[in-house]
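First the structure, in the form of structure tokens, and then the observations on it.
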Amino acid sequence: MDKETLQKFSKPVSDVYLSIEDQLLTNIAKKLAKDNSLLVDIEKDGDIQKIQSWQLNQLGQLDSLSEENIKTIAKKSGVAVEEIEKMVTGVGYKSVNEIEGVMKEGAEKGVLLTPPEGAKDSGALKNILSAYEQQAKSSLNLTNTTLIEQSKQKYLDVINQTTGKVLSGVTSAQQAQREAIRELANGGVPALIDRSGREWNTEAYVNMVMRSTSNNVAKEMQDGRMDEYGVDLVEVSSHAGARPGCEPYQGKIYSRSGESNKYPPLSETSMGDADGLFGVHCGHVQYPYIEGISKKTYEPGNKKENDKVYEQSQKQRLLERNVRSSKRELAMMMQIGDAYGINDAEERLKDKQANMRAFINDTGRTRKISREQIR
């Protein structure tokens, strides 16, 4: 199973949570829109003390916002649960089916063991699927709780930042709100606050959880089935743009047990590291290698070219996030009805899209419009 296939399995869940985040931002904008006329009045008559009335009115909507956000998450997270089940089962059995043929041939020729049952009937494989399904659901339940809490906090941040800037005379009322909204649109609503206090935005965190889950399911299902057949040697796939922690080990053959006199132990690779082989966001997979039956499929590749593709892929993802952030800002400004803010956001969006077009023209990479969309 290649990198693109693994990503296709995890994408539906990630899309659900991007949609949730977009709706949470829309909910915040709707609340801000209700008293936007007060900010306009402040700019007209110069009475900055009115900002405190605006602040109190906005704070009075906090509970209502939380209720709307809970409904949003409850409605859409149910779809995510269904997609998790599809992802885990789909990735798991597809990864096994891809290697079943060569192992079955090895068993028929007496090189490998013959499992007591088919893959679909294997109790060990079913246990793997069940464990990862529950793990993924648990992670997203925590994410739901964090999104509810952090959407409330981000709403408070917009209120407090706007009020603070107006009272201190730093900027006008509407401009203060525009700046706070732009910051929120760029940062989004965190799905995780880690132990160091770092905020993980919804896209980064959910993508990490889902891709890690799909990668782990694929590897453990293959490991489980290879154990049943008694397979020791595996070939690691290769692709252009591999991460630095994976690149030195791709396209090579390793011994799972470490007992081979011909091939190095798989344990001596970066496997086990978060940024290593089969780690977070890794797109590599392993295939059984049966001497005398298997044909080596992959090659290590050119490191210089690999590094170039990797850097370009990271740059493209950044540009995609920039476009999406500008679209979120525009959507929030339109919800509020701020004509100047709308125009300003439209110009910023055009600049971000122009940067993307220039990058695609310069590199010849394929533009993926779906990654630039808000949902």
Side-chain angles (χ1 to χ4, degrees), residues 1-6 91-119 122 124-125 127-128 132 211-212 214-310:
M1 188 182 302
D2 59 24
K3 180 180 179 181
E4 292 296 322
T5 302
L6 284 170
V91 167
Y93 285 120
K94 184 173 177 58
S95 65
V96 169
N97 289 340
E98 287 185 350
I99 64 174
E100 188 76 8
V102 68
M103 293 191 297
K104 187 175 181 180
E105 182 182 351
E108 290 172 348
K109 292 184 177 181
V111 179
L112 301 178
L113 303 174
T114 299
E117 52 199 357
S122 170
L125 299 188
N127 288 338
I128 291 171
Y132 274 106
R211 289 185 182 180
S212 297
S214 62
N215 288 351
N216 290 338
V217 168
K219 183 177 185 301
E220 290 213 21
M221 287 286 282
Q222 289 184 332
D223 280 340
R225 195 58 173 164
M226 285 191 285
D227 287 344
E228 293 177 340
Y229 273 102
V231 172
D232 181 47
L233 301 180
V234 292
E235 180 182 7
V236 174
S237 65
S238 64
H239 59 260
R243 301 180 306 170
C246 301
E247 187 275 332
Y249 310 105
Q250 66 175 357
K252 299 177 182 179
I253 298 170
Y254 299 94
S255 168
R256 298 172 65 222
S257 67
E259 297 177 359
S260 172
N261 294 323
K262 186 176 180 180
Y263 300 101
L266 187 59
S267 60
E268 291 185 359
T269 67
S270 59
M271 184 178 69
D273 297 336
D275 60 349
L277 202 60
F278 311 125
V280 178
H281 289 311
C282 176
H284 290 95
V285 291
Q286 59 181 355
Y287 297 97
Y289 184 79
I290 307 168
E291 291 186 293
I293 296 177
S294 300
K295 292 182 179 180
K296 194 171 185 303
T297 305
Y298 297 94
E299 296 298 332
N302 181 281
K303 185 179 187 305
K304 184 176 181 181
E305 180 62 25
N306 178 84
D307 292 347
K308 176 183 176 182
V309 173
Y310 176 75

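The figures that follow rest on heavy atoms only: side chains count, while hydrogens, waters and symmetry mates do not.
At distances below 3.5 Å, at least one donor-acceptor pair connects side-chain atoms of D232 with backbone N or O atoms of S257. Remark: side-chain polar atoms of Q222 are paired, donor with acceptor, to backbone N or O of S95 under 3.5 angstrom. A donor-acceptor pair under 3.5 Å is absent between the side-chain atoms of K252 and the main chain of Y263, judged by distance alone. Looking only at distances, no side-chain donor or acceptor of Y229 sits under 3.5 Å from a matching main-chain atom of G106. Checking side-chain atoms of N306 against main-chain N and O of A240 turns up no donor-acceptor pair under 3.5 Å.
Here the OH-NZ distance, from Y289 to K295, works out to 11.0 Å after rounding to the nearest 0.5 Å. Going from atom OG1 of T269 over to atom CZ of F278 covers 7.0 Å, rounded to the nearest 0.5 Å. Rounding to the nearest 0.5 Å places NZ of K262 at 9.0 Å from CG of L233. With rounding to the nearest 0.5 Å, the separation of CG in L277 from CD in Q286 is 8.5 Å. Atom NZ of K303 is separated from atom CD of Q250 by 11.0 Å, given to the nearest 0.5 angstrom. Residue C282 holds its SG atom at 11.5 Å from CG of D273, rounded to the nearest 0.5 Å.
Of all the heavy atoms in I290 and M103, the pair that sits closest is CD1-CA, 4.1 Å. Closest approach of L112 to G230, counting heavy atoms only: CD2-O, 4.0 Å. The two residues C246 and H284 have their closest heavy-atom pair at CB-CE1, 3.5 Å. Contact record, G276 with S270: CA-OG, 3.3 Å, taken as the closest heavy-atom pair. Taking every heavy atom of both residues into account, A119 and R225 meet most closely at N-NH2, 3.3 Å. Between P288 and V102, the shortest heavy-atom distance links the atoms CG-CG1, 3.7 Å.
Counting heavy-atom neighbours within 6.0 Å of K308 NZ, excluding the residue itself, gives a total of 12 or less.
If you run side chain to side chain contact (heavy atoms under 4.5 Å, CB included) between L125 and each of E117, M221, E220, only M221 comes through.
In this structure, a donor-acceptor pair under 3.5 Å is absent between the side chains of E235 and S294.
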Walk me through it: do V111 and E291 pass the test side-chain contact (heavy atoms from CB on, under 4.5 Å)?
CA-CA 9 Å; V111 179; E291 291 186 293; over 6 Å; no
Under the criterion side-chain contact (heavy atoms from CB on, under 4.5 Å), I'd like the reasoning laid out for V236 against Y249: C-alpha separation, chi angles, the key distance, then a yes or no.
CA-CA 8 Å; V236 174; Y249 310 105; 5.8 Å; no
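For E268, the side chain to side chain contact (heavy atoms under 4.5 Å, CB included) criterion is met by P265, not counting sequence neighbours.
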